[in-house]
Peer 1: 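Pasting a structure below so you can have a look.
Chain identifiers are assigned alphabetically (A, B, ...) following the order of the sequence lines, protein sequences preceding nucleic acid strands; residue numbering begins at 1 within each chain.
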Number of protein chains: 2
Amino acid sequence: MGISERKHRQLEQVRTAILAQSWQIIEEEGWEALSIRRIADAIEYSTPVVYKHFESKEAIRSAFSQEGYALLANRLLKAKTACDSPTDQLMALSNTYWAFAQEHPKHYQIMYGLGIPTCEMVRETREILEVSNVFHETIEAAIQASKQPDTDVHLKAMTFWSILHGLIAMGMISGPGDPQTAKRILEDATAGFIKALMG
Amino acid sequence: MGISERKHRQLEQVRTAILAQSWQIIEEEGWEALSIRRIADAIEYSTPVVYKHFESKEAIRSAFSQEGYALLANRLLKAKTACDSPTDQLMALSNTYWAFAQEHPKHYQIMYGLGIPTCEMVRETREILEVSNVFHETIEAAIQASKQPDTDVHLKAMTFWSILHGLIAMGMISGPGDPQTAKRILEDATAGFIKALMG
DNA sequence: TACTTTTGCTGACAGTGTTAACTTTTGTAC
DNA sequence: GTACAAAAGTTAACACTGTCAGCAAAAGTA
């Protein structure tokens with residue numbers, strides 16, 4: 001009864017096509033150029049077919065957001081395990097986070113910005129949590145190795161994350177300013193944070 | 001010939017009405033609920049009248065962004081001059097910036113987020129510059145009073161601004177989480193920055 | 001072959017920003 | 001006070017958007 005399997009495969013294929021074509025449009029013309037009708041055109045189906053696979057446009061956005069967080073979590077984890085000391089790890093996280101935003105600006109914008117729906121980020125929670133965990137665990141280890149072992153982990157993790165996001169967001173807002181300067185700001189801020197953390 | 005003055009006054013009145021009614025809609029239902037037709041309805045004119053006063057919807061957004069930056073610059077300046085030492089001033093700037101974002105979230109979102117048009121922030125440049133200047137001048141003074149007087153002012157100013165924005169943006173994204181915690185994160189980050197700055 | 005289920009399409013609804021073309025009002029000159 | 005020009009304001013359209021009800025066609029089953 002491989003018949004239903006083939007059907008399932010075909011369905012999956014359409015779903016993949018939707019995401020692939022959508023991504024191409026996003027990469028070439030930005031998120032705001034993406035419309036259900038354009039997706040339908042690209043996959044050579046009519047519009048309601050898109051809704052067979054995604055409840056709404058927001059669901060498509062969410063899928064990319066999820067993908068982005070998963071990608072980011074992966075890279076952060078890799079960068080972290082390549083270092084030994086917690087401070088080196090933090091520096092690596094900072095650099096990797098930055099690099100991710102530079103290499104995948106569209107993903108980053110979808111994950112954060114767009115700001116629009118003030119966040120229905122419920123389904124992508126799992127992936128966000130993974131990113132959050134990397135920060136928490138590394139900060140935790142750093143605190144343990146520091147001179148103030150009773151520091152609030154959550155507080156410091158959020159601070160770290162916020163600093164990184166702030167630098168990237170500001171960089172994206174003020175346009176493609178000198179990336180050299182931007183990198184220096186990042187390193188300066190990270191170094192300052194680590195110093196304050198380790199005491 | 002007070003006739004053309006009256007006309008001018010009437011024009012101004014419509015312009016003001018557009019902004020006032022728009023702002024009411026934004027406050028009550030958010031930016032995405034604002035449409036040219038709704039504005040026209042609210043001011044009891046037809047849609048093209050709106051275009052007599054604002055080239056596009058983006059121009060309306062820009063006007064509010066400008067307004068927001070002017071408001072922010074004002075508050076920052078007031079808070080700054082109320083303090084003596086540069087470090088106190090920086091702390092005051094941090095608190096005021098935070099308070100502004102809390103009290104005027106819609107303004108803040110329009111000024112930054114929305115991210116949408118990747119920024120046609122050309123006309124609101126003047127107001128942004130004022131905000132930027134407050135940061136630069138205060139940081140400059142702080143550096144002069146610090147143990148490393150040769151520190152890069154621009155770098156530190158951008159770092160400071162980025163940290164503040166990052167904390168606020170993350171707070172807005174992750175919804176109305178415990179504001180007590182958020183405030184503590186802010187103070188911790190600011191204190192860390194100042195410490196690193198002053199050496 | 002007859003029937004059912006799935007699949008996909010057409011066409012519509014209620015919106016959006018924006019603008020061309022037309023009408024009405026208003027101010028000026030005779 | 002009437003004739004004309006300029007300004008102000010209107011309607012109606014264009015080209016889109018997300019979304020979905022209802023119908024036609026194809027595919028699988030008996």
Peer 1: For atom CD of B/Glu44, is the number of surrounding heavy atoms from other residues, nucleotides or ligands below 6.0 Å larger than 12?
Peer 2: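 Count not over threshold, so no.
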
Peer 1: Please report, rounded to the nearest Å, how far the C1' atom of C/dG17 is from the CZ atom of B/Arg61.
Peer 2: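 About 16 Å, once rounded to whole Å.
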
Peer 1: Under 30°, 30 to 60°, or over 60°: which ring-plane class applies to A/His107 and A/Phe64, parallel, tilted or perpendicular?
Peer 2: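 Ring orientation, 0 to 90° scale: perpendicular.
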
Peer 1: Measure the distance from CD1 on B/Ile25 to P on C/dT16 and round it to the nearest whole Å.
Peer 2: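 Going from CD1 in B/Ile25 over to P in C/dT16 covers 10 Å.
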
Peer 1: Quick one: B/Ile43 CD1 to D/dA8 P, roughly how many Å, whole number?
Peer 2: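 It works out to 14 Å between those atoms.
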
Peer 1: Assess whether atom CD of B/Gln10 is packed by more than 12 heavy atoms of other residues, nucleotides or ligands within 6.0 Å.
Peer 2: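 Enclosed.
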
Peer 1: Are A/Glu58 and A/Arg61 close enough for a salt bridge, meaning some N to O gap below 4.0 Å?
Peer 2: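 Yes, this pair counts.
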
Peer 1: Measure CG/B/Asp41 against C1'/C/dT16 and give the value in whole Å, please.
Peer 2: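 Value for this atom pair: 14 Å.
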
Peer 1: Would you call the rings of B/Phe135 and B/Trp161 parallel, tilted or perpendicular if under 30° counts as parallel and over 60° as perpendicular?
Peer 2: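 The rings of B/Phe135 and B/Trp161 sit tilted, inter-plane angle from 30° to 60°.
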
Peer 1: Please give me the minimum heavy-atom distance between A/Arg75 and A/Ala99, naming the atom from each residue.
Peer 2: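 Looking at all heavy atoms of both residues, the shortest contact is NH2-CB, 3.7 Å.
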
Peer 1: For nucleotides 9-21 of chain D, give me one character per nucleotide, 5' to 3': B if any protein heavy atom sits under 4.0 Å from the base, S if the only such contacts are to the sugar-phosphate, - if neither.
Peer 2: BBB-B---BBBBB

